[in-house]
**Q** 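Pasting a structure here, questions to come.
Values below: all heavy atoms of this structure, side chains included; hydrogens, waters and symmetry mates excluded.
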Amino acid sequence: MFQLTDVTVSYGAPRPVLERLNLVIREGEFVTLAGPSGCGKSTLLKVLAGLLRPSSGSVVYSGRPAGELPIDAGFVFQQPALLPWRTALGNLRLPLELGRRSNARPNDRELLQLMRQVGLREEDAGKRPAELSGGMQMRLSLARALVRSPRVLLLDEPFAAVDDLLRMKLQDDLRRVHEQRGLTTILVTHNLQEAAWLSDRVLIIQPAPLGITHTIPVPRSGSDDADRRSSAEFHSTLNALNAALLRS
């Protein structure tokens, strides 16, 4: 899905944020970018989204140089960024109103189905953001990113502002949506438990010139239920992530 070769992003500063970074992300993967603040995780996410052109190096998306083919991605930010005067359903319609016209535009019935898929109820459709809890707002933000059926889902610390119990429920919703829709998902997080729970592969990133220092595969045998969070396999992955971050 993505191939980055010698990608450097400098923002005009003496020391680049990313330096000669190489990365391949396969279609259908769930990849998490983890590392300390300032290491370039969010910058890399913007490069993948096509929001930022690298200072040098190449980005290939779906077999073609980035820019030749629009990157078909939905983006979820740390804050839901919902329009307060619109209802939940009105916020879902926004990408359709701003985007290119298409005969495949989902109707309201399909938008309500999408709300249910991310854990919202049909009766929430007429509520404005102020009437929704923080978790419901984040679910709505996720649904909005999926409205145009993207192939790629990019998330920048989406659950950082919610409590731990809600965070676990949102993580389960996200992984389920990733699998049901066959998405290629890239997540930025500082939370290593989140990385170990959600990912197929975790990339440990350090500030330039180090870049990606470790790639940790995450085994996903068995069902994704509460028992897995206490399993030896899960904690072994978590220990490997902690060790990789500390050794970098």
**Q** Show every side-chain hydrogen bond (donor to acceptor under 3.5 Å, both in side chains) that has at least one partner inside residues 134-146, sequence neighbours left out.
**A**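 For residues 134-146: Arg139-Asp173.
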**Q** Search all heavy atoms of Leu111 against all heavy atoms of Leu92 and return the closest pair with its distance.
**A**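 For Leu111 and Leu92, the tightest heavy-atom pair comes out as O-CD1, 3.8 Å.
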**Q** Is any side-chain heavy atom of Pro84 closer than 4.5 Å to one of Arg128?
**A**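 No - every pair of side-chain heavy atoms lies 4.5 Å or more apart.
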**Q** Rounded to the nearest 0.5 Å, what separation is found between the CD1 atom of Ile25 and the CG atom of Leu4?
**A**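 Answer for the CD1-CG pair, Ile25 versus Leu4, is 7.0 Å.
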**Q** Is the number of heavy atoms from other residues, nucleotides or ligands under 6.0 Å of Arg176 CZ greater than 12?
**A**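 Yes, because the 6.0 Å sphere around CZ of Arg176 holds more than 12 heavy atoms from other groups.
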**Q** Between Ala196 and Val218, what is the shortest heavy-atom contact and its length?
**A**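 Looking at all heavy atoms of both residues, the closest pair is O-CG1, 3.4 Å.
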**Q** Report yes if some heavy atom in the side chain of Tyr11 is under 4.5 Å from a heavy atom in the side chain of Val17; otherwise report no.
**A**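 The answer is yes, as the side chains (C-beta and beyond) meet within the 4.5 Å cut-off.
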**Q** Dump the intermediate steps for salt bridge (Lys or Arg N to Asp or Glu O under 4.0 Å) on Arg148 and Asp72, then the final yes or no.
**A** CA-CA 9 Å; Arg148 298 179 66 188; Asp72 185 9; over 6 Å; no
**Q** Strictly distance-based, threshold 3.5 Å: is any side-chain N or O of Gln180 a donor or acceptor partner for the main-chain N or O of Val177?
**A**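 Absent.
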**Q** In the structure I gave you, are the side-chain heavy atoms of Leu153 and Leu174 within less than 4.5 Å of one another anywhere?
**A**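 Answer yes - side chains close enough.
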**Q** Evaluate Glu122 against Met115 for side chain to side chain contact (heavy atoms under 4.5 Å, CB included), listing each step before the verdict.
**A** CA-CA 7 Å; Glu122 286 193 20; Met115 289 181 63; over 6 Å; no
**Q** One thing to verify: whether Asp164 and Arg167 come together as a salt bridge, which I'm taking to mean a side-chain N less than 4.0 angstrom from a carboxylate O.
**A**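 No, this pair does not count.
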**Q** Going through the distances and angles, do Arg20 and Thr8 end up as a side chain to side chain contact (heavy atoms under 4.5 Å, CB included)?
**A** CA-CA 5 Å; Arg20 299 182 65 83; Thr8 296; 4.0 Å; yes
**Q** Report the distance from atom CG of Asn242 to atom CG of Leu246, rounding to the nearest 0.5 Å.
**A**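 Between atom CG of Asn242 and atom CG of Leu246 there are 6.0 Å.
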**Q** How long is the straight-line distance from CG of Leu89 back to CG of Leu112, given to the nearest 0.5 Å?
**A**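 Leu112 atom CG to Leu89 atom CG measures 5.5 Å (nearest 0.5 Å).
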**Q** Does the Thr32 side chain pair with the main chain of Ser199, one donor and one acceptor, at a distance under 3.5 Å?
**A**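 Checked: no pair found.
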**Q** Between atom OG1 of Thr215 and atom CG of Leu203, what is the distance when rounded to the nearest 0.5 Å?
**A**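 Here the rounded value is 5.0 Å.
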**Q** Should Met168 and Val76 be regarded as members of a common hydrophobic cluster, given that ILVMFWY residues are connected when their side-chain heavy atoms come within less than 4.5 Å of each other, either directly or indirectly?
**A**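 In one cluster: no.
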**Q** Considering all heavy atoms of both residues, which atom of Cys39 and which atom of Gln206 are nearest to each other, and what is their separation?
**A**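 The pair with the smallest heavy-atom distance is CB-C, 3.7 Å.
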**Q** Any side-chain heavy atom of Arg151 sitting closer than 4.5 Å to one from Tyr61?
**A**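 Heavy-atom side-chain distance check passes, below 4.5 Å.
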**Q** When rounded to the nearest 0.5 angstrom, what is the spacing between CG in Leu166 and CD in Gln171?
**A**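 Result: 9.5 Å between the selected atoms.
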**Q** For atom NZ of Lys127, decide whether the heavy atoms of other residues, nucleotides or ligands shown that lie under 6.0 angstrom number more than 12.
**A**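 For Lys127, atom NZ is crowded (more than 12 foreign heavy atoms under 6.0 Å).
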**Q** Is there a side-chain contact between Asp6 and Ser56 (heavy atoms, below 4.5 Å)?
**A**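 When only atoms from C-beta onward are counted, Ser56 and Asp6 do not touch, as no gap falls below 4.5 Å.
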**Q** Quick one: pull up CD in Glu19 and CG in Leu210 and give me the separation to the nearest 0.5 Å.
**A**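 Result: 9.5 Å between the selected atoms.
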**Q** Taking atom CZ of Arg86 as the centre, report whether more than 12 heavy atoms of other residues, nucleotides or ligands fall under 6.0 Å from it.
**A**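 Correct, the count exceeds 12.
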**Q** Is there side-chain contact between Trp197 and Leu238, with heavy atoms separated by less than 4.5 Å?
**A**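 When only atoms from C-beta onward are counted, Leu238 and Trp197 do not touch, as no gap falls below 4.5 Å.
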**Q** Let me check something: any side-chain donor-acceptor pairs from residues 181-192 under 3.5 Å, sequence neighbours excluded? List them with distances.
**A**
unit_1: Arg181; atom_1: NE; unit_2: Gln117; atom_2: OE1; d: 3.2
unit_1: Arg181; atom_1: NH2; unit_2: Gln117; atom_2: OE1; d: 3.3
unit_1: Thr184; atom_1: OG1; unit_2: Gly28; atom_2: N; d: 2.8
unit_1: Thr185; atom_1: OG1; unit_2: His178; atom_2: ND1; d: 2.8
unit_1: Thr189; atom_1: OG1; unit_2: Asn191; atom_2: N; d: 3.0
unit_1: Thr189; atom_1: OG1; unit_2: Glu194; atom_2: OE2; d: 2.8
unit_1: His190; atom_1: ND1; unit_2: Glu157; atom_2: OE2; d: 2.4
unit_1: His190; atom_1: NE2; unit_2: Ser37; atom_2: OG; d: 3.3
unit_1: His190; atom_1: NE2; unit_2: Lys41; atom_2: NZ; d: 3.4
unit_1: Asn191; atom_1: OD1; unit_2: Gln193; atom_2: N; d: 3.0
unit_1: Asn191; atom_1: OD1; unit_2: Glu194; atom_2: N; d: 2.8

**Q** State plainly whether one hydrophobic cluster holds both Leu51 and Val59, where clusters connect Ile, Leu, Val, Met, Phe, Trp and Tyr through side-chain heavy atoms under 4.5 angstrom apart.
**A**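 Hydrophobic grouping puts Leu51 with Val59.
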**Q** Check Val7 against Pro54 and note the closest heavy-atom contact, atom names and distance.
**A**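 Here Val7 and Pro54 meet closest at CG1-CB, 3.7 Å.
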**Q** Please find the pair of heavy atoms, one from Val118 and one from Ala143, that lie closest to each other, and give the distance.
**A**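 Closest pair (atom of Val118, atom of Ala143, distance): CG2-CB, 3.9 Å.
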**Q** Any side-chain heavy atom of Leu140 within less than 4.5 Å of one from Asp124?
**A**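 They are not in contact (no side-chain heavy atoms under 4.5 Å apart), so the answer is no.
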**Q** Among the clusters formed by ILVMFWY side chains lying less than 4.5 Å apart, do Val60 and Phe2 turn up in the same one?
**A**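 No, it is not one cluster - the side chains of Val60 and Phe2 are not joined through contacts under 4.5 Å.
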**Q** Taking Met1 as the starting point, is it possible to reach Leu52 by hopping between hydrophobic residues whose side chains are less than 4.5 Å apart?
**A**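 They do share one cluster, since a chain of ILVMFWY contacts under 4.5 Å joins Leu52 to Met1.
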**Q** What I want to find out is whether Arg175 reaches Asp200 closely enough, with some N-O distance under 4.0 Å, to be called a salt bridge.
**A**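 Yes.
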**Q** Just so I know, are the side chains of Pro158 and Leu142 near enough to count as touching, which here means a heavy-atom distance under 4.5 Å?
**A**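 No - every pair of side-chain heavy atoms lies 4.5 Å or more apart.
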**Q** Quick one: closest heavy-atom pair of Pro150 and Gly74, and the distance?
**A**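 Between these two residues, the closest heavy atoms are CB-N, 3.5 Å.
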**Q** Verify the cluster assignment for Leu82 and Leu96: are they in a single hydrophobic cluster under the rule of side-chain heavy atoms below 4.5 Å apart?
**A**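 Yes; tracing contacts between hydrophobic side chains, which count when under 4.5 Å, links both residues.
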